[in-house]
Amino acid sequence: MPKMKTNSSAKKRFRLTGTGKIARKNAFKSHILTKMSTKRKRNLSHTSLVSAADMGNVKRMLCIGK
């Protein structure tokens, strides 16, 4: 069988943490930021974890696990 190909867009957007979880960046941080409060922009700049419901799809795109 040929090797599985990693999804190119997924490998740019997600990374694996040390404990095996998948980290992601928050949305709504690209443009039209003037109407957003400073606190909201600051909180959006931190990374978040992928939810359990989406974990299987993301792992499949990254070719992690089985």
Side-chain angles (χ1 to χ4, degrees):
M1 288 294 294
K3 292 182 181 177
M4 293 260 311
K5 279 195 175 181
T6 303
N7 187 302
S8 293
S9 61
K11 70 183 174 187
K12 295 168 191 170
R13 286 170 171 81
F14 304 107
R15 65 181 179 79
L16 209 59
T17 63
T19 56
K21 296 172 182 159
I22 300 175
R24 64 172 177 84
K25 288 185 77 171
N26 283 310
F28 311 112
K29 195 69 177 29
S30 57
H31 62 106
I32 316 177
L33 300 173
T34 52
K35 61 177 78 170
M36 211 181 281
S37 68
T38 310
K39 180 180 179 181
R40 186 172 166 202
K41 286 188 280 192
R42 184 172 59 246
N43 289 336
L44 284 174
S45 66
H46 303 304
T47 56
S48 303
L49 295 175
V50 172
S51 67
D54 299 323
M55 192 72 78
N57 289 333
V58 176
K59 282 188 173 184
R60 193 174 302 116
M61 286 191 285
L62 295 174
C63 299
I64 298 171
K66 296 184 179 183

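Note that this is a predicted model, so its numbers are computed, not measured.
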(request) Go through I22 and L16 one step at a time and tell me if the side chain to side chain contact (heavy atoms under 4.5 Å, CB included) criterion holds. (result) CA-CA 5 Å; I22 300 175; L16 209 59; 3.9 Å; yes

(request) Taking the side chain as every heavy atom from C-beta outward, state whether L44 and M36 have any atom pair closer than 4.5 Å. (result) yes

(request) Looking only at non-hydrogen atoms, find the nearest pair between A10 and M61 and report the distance. (result) CB-CB, 3.8 Å

(message) Measuring from atom NZ of K11 to atom SG of C63, what distance do you get when rounded to the nearest 0.5 angstrom?
(response) 10.0 Å

(message) How long is the straight-line distance from OG1 of T6 back to NZ of K12, given to the nearest 0.5 Å?
(response) 12.0 Å

(message) Counting only heavy atoms not in R13 (residues, nucleotides, ligands), do more than 12 fall under 6.0 Å from its CZ?
(response) no

(request) Report yes if the side chains of K41 and K29 come closer than 4.5 Å at any heavy-atom pair, otherwise no. (result) yes

(request) Please confirm whether the backbone N or O of S48 pairs with a side-chain atom of N26, one donor and one acceptor, at under 3.5 Å? (result) no

(message) Distance alone, cut at 3.5 Å: any donor-acceptor contact between the side chains of R60 and N57?
(response) yes

(message) Around atom NZ of K21, are there more than 12 heavy atoms from other residues, nucleotides or ligands closer than 6.0 Å?
(response) no

(request) State the CG-CZ distance between D54 and F14, to the nearest 0.5 angstrom. (result) 8.0 Å

